[in-house]
2 protein chains.
Amino acid sequence: MSEGSEIHPGFTRARVSLGRQVAEALRAAIMKGDYAPGSRLPSETDISETFQVSRVTVRTAIKMLESQGLVEVRHGSGTYVCDFGGRIRAGAQELRSISETIQEMGFVPRTELHARDVRPATEDEAERLGVEVGFTVVAMERAIYADNEVVAYSFDVIPAENLPARFVARFGTGSMFSVLDEIGYMPTRALAELHPVQSSEIGWGPQRPERGLFLLLDQVHFDRRGRAVVYSKTYFVEGRFQFVILRTR
Amino acid sequence: MSEGSEIHPGFTRARVSLGRQVAEALRAAIMKGDYAPGSRLPSETDISETFQVSRVTVRTAIKMLESQGLVEVRHGSGTYVCDFGGRIRAGAQELRSISETIQEMGFVPRTELHARDVRPATEDEAERLGVEVGFTVVAMERAIYADNEVVAYSFDVIPAENLPARFVARFGTGSMFSVLDEIGYMPTRALAELHPVQSSEIGWGPQRPERGLFLLLDQVHFDRRGRAVVYSKTYFVEGRFQFVILRTR
DNA sequence: GAGTGGTCTAGACCACGCA
DNA sequence: GCGTGGTCTAGACCACTCA
């Protein structure tokens, strides 16, 4: 552990909850090898003393790690580090950018803009985003790479009717989420549907799968005020990305 | 609301947490139409007074409903009932039997046993279950119906080497989970992977999809002691079941 | 029986939204 | 500015595991 700093109430520009800070510290310790797969973490009481936080806070941190499939909690026994292989593994209920996930698993992420358009919303898009048909949107088509291998093709639609042109222009350059953050539309929640898809019409370029089999993550992102800010269809190429879900009672 | 009974600490044979009880009561109220889609639930403080529980408990209840995509929480504003259509919608991170989910959505569930075998575990099964190759297992193939329409085909494997024959015999008759519960192997956690699958070899009977497209939920169930108790491959027929994931930061 | 995680409480204060 | 949800605490007691 040996962190100790960085963790403090006081809310000194604290946009990150204490629980998350503890979770990140524990995650780093695990990744660094302080706790080997199969070994036991310190007890919740110990951790709470180490970080000087309440046990409730420690528990929220551990729940986060658990939902990422990183640790396993056994009642009456302890919390144990999971063993996981080298594939890209993402906890499906963690909302984070795909690039971020790829990076954290030790691969080099890259996105490639294939098309970009400012146009009226289709009927489907309008319904999902809760706007009128014909509302102006920015539409993007991107390929997402991990170590130069296509992991997913993503189609994103962002309502832009009332957005200053200087912001509209920035979509397609750099991280979509950082632009959204700047204009105050940072997604905090997404409701996603999962569908299997087979199509030879999805994707492009030399790595386009022959008779492509994809896992479609069909999701609408909402900001903290409940406004729909992005409608995304991300087609994950089967076999290159491991989506994990921890299911509990 | 107007429940009031059933909710009490005291732990009179309470295997169900207070939070879950409150969640169930709220869920029932929503399903009954007490709160229409889009309308606001009472505030957390109000609910905690109504049910005579702490606000923390109310919050765990609301988190459950949120993860099922049933309500939407907006900071500073309130908790609102989501609008969802007539399709079967399951929160992917809730561990519950499929039949249970189907029933709760207002359909009539039915499972049909197609095959059943007691045999040695394959290499793959042994690895996933953490047992030796050749370990005796019960293997079942079942079709799961909602209102007489096939929703999924499920392949379940249960380690049975040391299980009394009288229990082994019961798998395939009635609910798999109730048998597991009786013998003390009730799953409390499952780690699932999601994959798209296309195959004409999955399924049987007149409703077998032509060129079947499925969402495969590939999962190992664990009991509270961390023992692997079931290895399931469930192939959901695309279009008949809506898997929802709430993703949060 | 000692030690671990699971549940619950009452109370405090912060951040946000909305009028 | 009031009411809403968000975070955090200290302490209590229960249920479970394991030696």
Side-chain angles (χ1 to χ4, degrees), chain A residues 7-23 26 39-66 71-81 184-186 188-189 222-227 248-249, chain B residues 7-23 26 39-66 71-81 184-186 188-189 222-227 248-249:
Chain A
I7 311 284
H8 43 67
F11 290 14
T12 349
R13 65 178 303 183
R15 312 170 53 202
V16 180
S17 73
L18 265 182
R20 186 163 294 274
Q21 290 178 55
V22 174
L26 290 174
S39 66
R40 216 192 70 185
L41 289 186
S43 75
E44 297 181 349
T45 312
D46 284 355
I47 296 174
S48 75
E49 282 164 7
T50 303
F51 288 99
Q52 289 290 299
V53 299
S54 75
R55 210 185 122 208
V56 176
T57 303
V58 172
R59 284 177 63 74
T60 71
I62 290 178
K63 286 228 172 97
M64 290 179 198
L65 300 179
E66 195 187 16
V71 301
E72 175 188 340
V73 183
R74 293 189 212 144
H75 189 181
S77 173
T79 302
Y80 300 82
V81 179
Y185 289 99
M186 189 63 179
T188 57
R189 205 171 61 236
F222 300 91
D223 71 1
R224 62 186 173 196
R225 301 168 80 160
R227 296 177 295 204
T248 54
R249 287 185 65 83
Chain B
I7 312 284
H8 42 67
F11 289 15
T12 348
R13 67 178 304 184
R15 311 170 55 202
V16 180
S17 73
L18 265 182
R20 186 165 294 275
Q21 291 179 55
V22 173
L26 290 174
S39 67
R40 218 191 70 183
L41 290 187
S43 74
E44 298 181 349
T45 311
D46 284 355
I47 295 175
S48 76
E49 282 164 7
T50 304
F51 288 98
Q52 287 291 296
V53 298
S54 75
R55 208 185 124 208
V56 176
T57 302
V58 172
R59 284 177 63 75
T60 70
I62 289 178
K63 285 229 171 93
M64 290 180 199
L65 300 179
E66 193 188 17
V71 301
E72 176 188 340
V73 182
R74 290 188 215 145
H75 190 182
S77 174
T79 301
Y80 300 81
V81 179
Y185 288 99
M186 188 64 179
T188 57
R189 203 171 63 238
F222 300 91
D223 71 1
R224 61 184 175 195
R225 302 169 78 161
R227 296 176 298 204
T248 53
R249 287 185 64 83

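Worth knowing before you read on, the calculation uses all heavy atoms, side chains too, and leaves out hydrogens, waters and symmetry mates. All chains are named by letter (A, B, ...) in the order of the sequence lines, taking the proteins before the strands, and each is independently numbered beginning at 1.
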Between dG17(C) (P) and E72(B) (CD): distance, integer Å: 13 Å
Taking the side chain as C-beta and beyond, is there a heavy-atom pair between V71(A) and E66(A) under 4.5 Å? yes
If I take atom CD1 in residue I47(A) and atom P in nucleotide dG5(C), what distance separates them, rounded to the nearest angstrom? 7 Å
Atom-to-atom span, CG of D46(A) to C1' of dT4(C) - whole angstrom: 10 Å
Options dG17(C), dC8(C), dG5(C), nucleotide nearest the side-chain atoms of S77(B): dG17(C)
Per atom distances to the S43(A) side chain, the nearest of dC8(C), dT4(C), dT4(D) is dT4(C)
In this structure, how many angstroms lie between the C1' atom of dC8(D) and the CZ atom of F51(A), rounded? 16 Å
Provide, to the nearest angstrom, the distance between the CZ atom belonging to R40(A) and the P atom belonging to dC16(D). 19 Å
Kindly say if T79(B) contacts the phosphate of dG5(D), meaning a side-chain N or O under 4.0 Å from OP1 or OP2. yes
If I take atom OG from residue S43(B) and atom CZ from residue R55(B), how far apart are they, to the nearest 0.5 angstrom? 8.5 Å
So for R74(B) and dG6(D), does any side-chain atom that can act as donor or acceptor lie under 3.5 Å from a complementary atom in the base? no
Is it the case that the side chain of E44(B) and the backbone of R59(B) share a donor-acceptor pair, with hydrogens and angles ignored and the cut-off at 3.5 Å? no
Between dT9(C) atom P and R59(B) atom CZ, what is the distance in whole Å? 14 Å
When you measure from the side-chain N and O atoms of T57(A) to the phosphate of dT9(D), is any distance below 4.0 Å, counting only OP1 and OP2? yes
Across the strands shown, which category fits T60(B) at heavy-atom distances under 4.0 angstrom: base, sugar-phosphate, nothing? nothing
What's V56(A) touching, base or sugar-phosphate or nothing? Going by heavy atoms closer than 4.0 Å. base
Can you work out whether G76(A) or R55(A) has the more 5'-proximal nearest nucleotide on DNA chain C? G76(A)
Starting from P on dG6(D), measure out to CE on M64(A) and report it in whole angstrom. 13 Å
Among the candidates dC8(C), dC8(D), dA12(D), find the nucleotide nearest to the side-chain atoms of L18(A). dC8(D)
Would you kindly compare H75(A) and V58(B) by the position of their nearest DNA chain C nucleotide and give the one closer to the 5′ end? H75(A)
Rounded off to whole Å, could you give me the CZ-to-C1' distance for the R189(A) and dG6(D) pair? 14 Å
Can you tell me how far the CZ atom of R74(A) sits from the CG atom of D223(B), to the nearest 0.5 Å? 10.0 Å
Can you confirm whether F222(B) is buried at CZ, in the sense that more than 12 heavy atoms of other residues, nucleotides or ligands lie under 6.0 Å from that atom? yes
